[in-house]
There are 2 protein chains.
Amino acid sequence: MRRRDFTKASLSALGALSVGRAGGFALPHLGVSPTLVNGERLNAHIAELSQFGKNDFGGVSRVAYSDFDKQGRAYAMGLMRAAGLTVTIDAGGNIWGRRAGSDPSRKPIVFGSHIDSVPEGGNFDGPVGSLGAIEVAQTLGEKGITTKHPLEVVIFQNEEGGTVGSRVLTGEVSADDLTLSTKSGKTIGEGITFIGGDVNQLAAARRAPGSIAGYVELHIEQGGNLEAEKLDIGVVEGIVGIGWWDVTIEGFPNHAGTTAMNNRRDAMLAAARFTDMVNRVVTSVPGRQVGTVGRIQAFPGAPNVIPGKVICSLELRELDAAKQAMLFERIKGEAEHIGTATGTTFSYKPTHESAPALCDTRVQKFVEQSARGLGLTTKYMPSGAGHDAQHMARLGPAGMIFVPSVGGISHSPKEFSHAKDVANGANVLLSTVLAIDAAPWS
Amino acid sequence: MRRRDFTKASLSALGALSVGRAGGFALPHLGVSPTLVNGERLNAHIAELSQFGKNDFGGVSRVAYSDFDKQGRAYAMGLMRAAGLTVTIDAGGNIWGRRAGSDPSRKPIVFGSHIDSVPEGGNFDGPVGSLGAIEVAQTLGEKGITTKHPLEVVIFQNEEGGTVGSRVLTGEVSADDLTLSTKSGKTIGEGITFIGGDVNQLAAARRAPGSIAGYVELHIEQGGNLEAEKLDIGVVEGIVGIGWWDVTIEGFPNHAGTTAMNNRRDAMLAAARFTDMVNRVVTSVPGRQVGTVGRIQAFPGAPNVIPGKVICSLELRELDAAKQAMLFERIKGEAEHIGTATGTTFSYKPTHESAPALCDTRVQKFVEQSARGLGLTTKYMPSGAGHDAQHMARLGPAGMIFVPSVGGISHSPKEFSHAKDVANGANVLLSTVLAIDAAPWS
């Protein structure tokens with residue numbers, strides 16, 4: 001309803017807004033009757049895909065390289081062909097659906113997502129963007145719209161197991177990585193072969209930096225911000241950097257009955273104060289940074305022994321790498337005081353690090369304008385989760401579109417996004433792709 | 001040196017003190033030349049016993065029902081026979097060495113300890129009291145001293161696995177208990193058979209309440225209080241009550257990247273604040289109570305997932321049951337506030353409870369007088385660890401004698417008590433046994 005009211009009443013305002021906010025680029029395709037996807041069909045496709053690997057709780061367990069994954073991929077490839085796309089599987093196992101543009105010299109505009117899930121996952125994380133991208137292509141075909149740029153719908157393989165498919169494109173998957181085991185029981189190498197890739201030709205799947213005109217990914221937010229603020233579309237500013245550390249706290253193990261409270265070097269007490277302090281430090285400065293202690297083990301781990309050692313995880317996520325480093329330094333500094341007070345020592349072993357990946361500001365503006373042009377409300381926000389887009393950002397201007405997740409729940413069978421929001425997202429994706437196609441810089 | 005000075009210079013003072021502090025009982029056997037054990041021999045025996053099951057770190061792994069346990073028991077029975085004791089094994093597998101008294105109508109005075117160890121244990125927890133008791137009997141024989149009461153030196157089986165031997169005496173070992181597996185790989189029932197007991201006749205090993213004149217156990221402190229205060233002997237006031245709970249903290253699991261800090265129901269954060277709060281509550285009132293969180297698990301337990309559930313252990317130990325209950329109530333009350341602040345709930349499942357066992361105040365006085373009569377310094381203290389004495393206290397007046405543990409270390413190969421302190425302890429044991437023998441109430 002809001003959309004229709006808007007297009008009827010506020011068209012001139014939209015034109016002014018678009019020009020004003022995008023630094024001079026209007027979105028000419030957003031006319032009196034903007035091109036819209038078939039939201040009903042898209043949501044039906046999502047429901048159909050969720051049959052492959054459906055679990056007992058209303059979600060799916062469609063882990064990469066499983067039989068269900070293969071079945072889901074076959075289903076998606078069928079949709080791609082029905083949408084008039086030319087389907088190929090690259091050496092890395094990613095699925096590509098290509099649609100020619102009017103100017104063969106142009107670089108492709110790439111858009112898509114993934115369809116693999118975590119174990120006991122939901123039906124929206126990945127499928128919304130993947131099937132949304134196919135829906136965009138199908139809509140363009142039905143409306144007889146030909147872009148200048150070739151369009152490539154991509155379904156990346158094994159996003160949940162470490163954005164493997166997109167890292168193949170950037171050349172970041174090593175021979176060692178191929179030997180890593182996955183939730184499917186197969187190694188990554190075996191999995192790539194299983195889904196139709198060719199591990200001996202991985203380099204053929206690489207894309208050079210600058211070789212794409214743009215990348216756009218529609219995805220569910222996986223957090224509760226949009227829903228809480230009753231907003232329609234998240235304009236993603238970038239994918240946060242992630243730091244993981246194993247924090248080892250060493251005290252002295254002793255008999256919990258005979259060792260007086262003032263004579264203890266209790267690593268568990270120190271770990272507790274550390275966990276509380278991480279929360280305090282992370283929330284002590286403005287911003288949307290997050291910090292989490294998600295895993296902990298106390299040694300020896302008996303009710304009647306004062307732990308002499310605790311190992312816990314620390315995760316920090318933030319879009320600004322310098323700010324993340326500052327937070328980690330503050331945490332280390334405060335931990336020193338905890339160590340002094342409890343007779344323990346802290347040490348930190350980095351176990352994972354991914355740099356922040358910023359979305360292209362021009363693409364961000366297109367996403368925002370597209371949403372507003374469709375009468376949708378927006379919010380600029382970082383993505384706290386990793387996405388294939390973070391690797392694609394190395395190849396060209398990248399952007400992401402978020403739609404609300406009910407209750408912010410994700411990686412769960414309870415994950416849910418309303419059909420209306422899914423359709424909104426696909427419409428913004430369509431509009432953004434057209435805006436990139438029309439952009440003088442693309 | 002201190003001892004000789006004392007006996008020379010302060011004999012009249014001792015007499016006055018003994019009368020004054022023991023409510024009218026002097027210790028007549030503490031004359032100008034008190035009867036003393038052969039400390040050198042006792043320490044040599046401890047060193048010999050430590051050969052059975054010795055580990056690579058200087059301690060022993062002589063878990064109950066193992067071959068090493070059986071070898072150690074054979075060694076101890078040899079010492080008993082050499083000390084002139086009549087050796088039997090009861091149906092529960094406990095070793096008894098009996099020495100007749102001059103008055104066959106008197107109830108026996110029982111004293112002893114255990115020789116089984118924890119895995120990777122030390123050489124003093126148990127052996128000091130067991131071999132110390134044998135040394136007392138040997139000394140009495142050598143000095144030609146006959147007590148009025150029969151004396152029974154006892155070596156309880158499987159103290160470390162749950163004071164099994166002493167619980168056989170009080171009838172607390174059930175048929176179900178016999179099926180429990182132990183560190184030896186055998187069930188308790190199989191273990192009792194292995195060491196010469198008879199599981200079909202367990203009731204024959206029971207002793208009725210009131211059937212003993214007293215029980216005295218010499219043991220290492222297993223804490224660092226005596227050493228820290230440079231004191232010789234701990235006069236044990238009782239064995240603390242122990243409460244164990246599994247504390248379950250429930251929040252909501254969520255994506256650690258996409259869930260804003262102010263939108264979390266982080267069970268790990270709540271568990272951290274709980275652990276810190278337990279420490280604060282337990283140390284907020286005077287006394288020697290202890291509280292420990294020794295085991296913790298976060299679910300699902302991944303660095304990138306906010307824990308939706310944490311289960312941790314809570315242990316409280318205190319000699320005064322009412323005070324322990326008060327502490328637990330305060331902890332529960334404070335946890336409510338933590339739950340409110342973090343969006344989590346706390347629940348408590350009791351997993352173990354043992355009531356405090358108070359030492360007989362008359363026996364405490366005898367221990368104190370005996371130590372002072374030998375020129376040794378003393379401190380009244382609870383036993384934070386469980387001991388066979390807590391069950392024996394149900395059968396008659398019980399007491400315990402602690403000697404210092406270097407660094408308070410126990411259940412470790414590093415466990416150590418100085419030879420001088422071991423000898424002191426055995427001398428106090430001897431004196432206390434004689435005092436009970438001479439007491440008008442025994």
Side-chain angles (χ1 to χ4, degrees), chain A residues 221-225 228 240 242 244 253-264 266 268-269 271-276 279 282-283 288-298 300-307 310 312-315 317 351-352 383-386 405 408-412, chain B residues 221-225 228 240 242 244 253-264 266 268-269 271-276 279 282-283 288-298 300-307 310 312-315 317 351-352 383-386 405 408-412:
Chain A
E221 182 194 349
Q222 299 183 268
N225 297 293
V240 297
I242 304 178
W244 282 10
N254 225 327
H255 194 297
T258 59
T259 311
M261 297 304 284
N262 63 0
N263 201 25
R264 298 178 168 209
D266 184 343
M268 183 59 217
L269 178 64
R273 292 183 181 169
F274 177 82
T275 300
D276 194 28
N279 188 274
V282 169
T283 56
R288 280 168 290 195
Q289 64 283 349
V290 289
T292 305
V293 174
R295 181 170 41 73
I296 187 165
Q297 192 174 7
N304 57 351
V305 183
I306 299 160
V310 167
C312 64
S313 63
L314 168 65
E315 183 192 85
R317 301 195 189 206
T351 55
H352 172 72
S383 168
S405 298
I409 299 170
S410 180
H411 285 190
S412 159
Chain B
E221 182 195 349
Q222 299 182 267
N225 296 292
V240 297
I242 304 179
W244 282 9
N254 226 326
H255 194 299
T258 58
T259 311
M261 298 303 285
N262 63 0
N263 200 25
R264 298 176 169 211
D266 184 343
M268 184 59 216
L269 178 64
R273 292 183 181 169
F274 177 82
T275 300
D276 194 28
N279 188 274
V282 169
T283 56
R288 280 167 290 193
Q289 63 283 350
V290 290
T292 304
V293 174
R295 181 170 42 73
I296 188 165
Q297 192 173 5
N304 55 351
V305 183
I306 299 161
V310 168
C312 65
S313 62
L314 168 65
E315 182 192 86
R317 300 196 190 207
T351 55
H352 172 73
S383 170
S405 298
I409 300 171
S410 182
H411 286 190
S412 158

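Residue numbers start from 1 in every chain, and the chains themselves are labelled A, B, ... in the order their sequence lines are given, proteins ahead of strands.
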- Query: For B/Ser410 and B/Gln222, which heavy atoms make the closest approach, and how far apart are they?
  - Reply: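 Closest approach of B/Ser410 to B/Gln222, heavy atoms only: OG-NE2, 2.8 Å.
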- Item | Which atom of A/Thr259 lies closest to which atom of A/Asn263, heavy atoms considered |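 Nearest pair, atom of A/Thr259 first, then A/Asn263: CG2-O, 3.6 Å.
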Among the listed options [options], the residue most often paired with chain B at heavy-atom distances under 4.5 Å:
options	value
A/Val293, A/Asn279, A/Val305, A/Val282	A/Asn279
A/Gly301, A/Pro307, A/Ser313	A/Gly301
A/Ala272, A/Ala298, A/Gly223	A/Ala272
A/Arg264, A/Gln297, A/Arg288	A/Arg264

[Y] side chain reached by [X] side chain, heavy atoms, under 4.5 Å:
X	Y	result
B/Ile296	B/Met268	yes
A/Phe274	A/Val310	no
A/Met261	A/Asp266	no

Counting only heavy atoms closer than 4.5 Å, note whether [X] contacts chain A via side chain, backbone, both or neither.
X	result
B/Thr283	side chain
B/Arg317	side chain
B/Asn225	side chain
B/Thr275	both
B/Ala256	both

- Portion of A/Asn254 that has a non-hydrogen atom of chain B nearer than 4.5 angstrom: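 For A/Asn254, side-chain heavy atoms alone lie under 4.5 Å from chain B.
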- Query: Checking heavy atoms, do the side chain of A/Ala385, its backbone, both or neither come under 4.5 Å from chain B?
  - Reply: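 Both parts, heavy atoms under 4.5 Å.
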Heavy-atom pairs under 4.5 Å with chain A are the metric here; pick the option from [options] that has the most.
options	value
B/Gly224, B/Gly291, B/Ala271	B/Gly291
B/Pro253, B/Pro300, B/Ala260, B/Gly257	B/Gly257
B/Ala228, B/Ser383, B/Ala302, B/Gly408	B/Ala302
B/His411, B/Glu221, B/Arg273	B/Arg273
B/Thr258, B/Val240, B/Asn262, B/Ile242	B/Thr258

